[in-house]
Amino acid sequence: MQEWNASLRSMTSMPKTVIVTGGSRGIGAGLVKAFLDRGYNVVANALEITTSNAFEPSDRLALVDGNIVEPATAAKIGEAATNQFKSIDALVNNAGIYFAKHFTDYTVDDLRSLASVNLEGFLLITQMAVKQMLAQNTGGSIVNVSAAQVNHPIAGINSSIAMMTKGGLEAVTRSLAMEYAEQGIRVNAVAPGEVDTSMHERQSKDFLKTRQPMGQVTEVKDVVEAIVYLTEAGQVTGEVLHVDGGAHLGKW
């Protein structure tokens with residue numbers, strides 16, 4: 001039945017629908033543009049995406065305001081996808097927060113803040129998407145955004161608690177890839193290093209170049225291309241793809 005449904009979808013040339021969280025700027029905005037360019041229907045979410053002037057809604061782009069830590073936001077995103085586009089075929093869990101401190105300076109409130117977005121938000125939106133994918137019975141793709149520092153800490157960047165939550169995303173990526181393999185739902189992750197976004201606007205590009213052995217600055221497009229690849233790579237699941245110029249390989 002799954003193969004028959006997939007064939008029917010192909011014959012009717014229905015465009016696939018992808019959800020992008022954190023879609024108003026940086027990597028998220030780059031993803032929205034890339035998927036639209038590739039013919040996808042896109043549901044883009046951010047706290048205030050409708051007033052951010054990042055995008056205008058269209059017959060192929062739905063904009064949904066809301067904090068992903070709230071169950072109502074996941075429900076609104078799901079409704080936008082199924083009401084306007086009739087399906088959910090892919091999800092990119094791009095929304096997340098990050099801040100660095102010495103381990104002994106992190107507070108319980110810091111942990112709760114990081115976990116609420118990076119883990120609870122992931123749980124709510126991903127459960128919604130998986131339920132819809134299972135109902136459609138045509139497979140699907142989920143890509144989570146982790147961080148290269150999960151497996152390769154860098155001296156001077158003290159982000160242990162932030163990486164604890166991102167490491168949780170890598171663990172659940174592998175578990176879900178196995179749990180839903182038979183249903184054709186692929187689950188992967190990208191692990192970027194230092195990316196030239198507004199998060200690093202106060203740092204020079206020359207400094208950012210020292211953060212990876214290739215000596216270049218990772219651009220938004222580099223991460224976007226990796227996510228698009230994983231979204232469309234039909235035989236890739238449970239993979240963590242590093243986009244960090246080789247920083248995860250070790251000391252340089």
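The first residue of the sequence shown is numbered 1, and numbering continues consecutively from there.
- Residues forming a side chain to side chain contact (heavy atoms under 4.5 Å, CB included) with E179 (at least two apart in sequence, or on another chain): L176.
- The shortest side-chain heavy-atom distance between V190 and L230 falls under the 4.5 Å cut-off.
- Among residues two or more places apart in sequence or in another chain, the side-chain hydrogen bond (donor to acceptor under 3.5 Å, both in side chains) test is passed with S146 by E170.
- Applying the salt bridge (Lys or Arg N to Asp or Glu O under 4.0 Å) rule to R60 yields no partners; only residues at least two apart in sequence or on another chain are considered.
- Shortest non-hydrogen contact noted between F55 and A29 is CZ-O, 3.6 Å.
- Put simply, the side chain of T73 gets close to the backbone of N67: a donor and an acceptor are under 3.5 Å apart.
- With sequence neighbours excluded, the residues that form a ring-ring contact (aromatic ring centres under 6.0 Å, His included) with F35 are Y40.
- The shortest distance between side-chain heavy atoms of L111 and Y106 does not fall below 4.5 Å.
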Without placing hydrogens or testing angles, list every side-chain donor-acceptor pair under 3.5 Å for residues 234-247, not counting sequence neighbours.
from	atom 1	to	atom 2	distance (Å)
T237	OG1	V187	N	3.0
D244	OD1	G246	N	3.0
D244	OD1	A247	N	3.3
D244	OD1	H248	ND1	3.1
D244	OD2	H248	N	2.9
D244	OD2	H248	ND1	3.1

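- By the side-chain hydrogen bond (donor to acceptor under 3.5 Å, both in side chains) test, R38 is found to be paired with E232, residues two or more places apart in sequence or in another chain being considered.
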Could you pull out every donor-acceptor pair under 3.5 Å between side chains of residues 123-132 and any protein atom, sequence neighbours left out?
from	atom 1	to	atom 2	distance (Å)
T126	OG1	N93	ND2	3.0
T126	OG1	F122	O	2.6
Q132	NE2	Q136	OE1	3.0

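- In this view, D105 satisfies the salt bridge (Lys or Arg N to Asp or Glu O under 4.0 Å) rule with no residue, not counting sequence neighbours.
- Annotation: side-chain hydrogen bond (donor to acceptor under 3.5 Å, both in side chains) contacts of T165 (sequence neighbours excluded): N118.
- Shortest non-hydrogen contact noted between A81 and I88 is CB-CG1, 3.6 Å.
- Under a 3.5 Å cut-off, the side chain of E79 and the backbone N or O of N83 do not form any donor-acceptor pair.
- The two atoms that bring P57 and L63 nearest to each other are CD-CD1, 3.7 Å, heavy atoms only.
- Applying the side chain to side chain contact (heavy atoms under 4.5 Å, CB included) rule to S175 yields no partners; only residues at least two apart in sequence or on another chain are considered.
- Qualifying salt bridge (Lys or Arg N to Asp or Glu O under 4.0 Å) partners for K101, counting only residues two or more places apart in sequence or in other chains: D110.
- Contacts of T50 classified as side-chain hydrogen bond (donor to acceptor under 3.5 Å, both in side chains), with partners at least two apart in sequence or in another chain: D65.
- Within the 4.5 Å cutoff, the side chain of V143 has no heavy atoms near those of the L91 side chain.
- When the side chains of ILVMFWY residues are joined at heavy-atom separations under 4.5 Å, either directly or via intervening members, V145 and I97 end up in two distinct hydrophobic clusters.
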Please walk me through it: do S87 and D89 pass side-chain hydrogen bond (donor to acceptor under 3.5 Å, both in side chains)? CA-CA 6 Å; S87 71; D89 304 288; 2.8 Å; yes

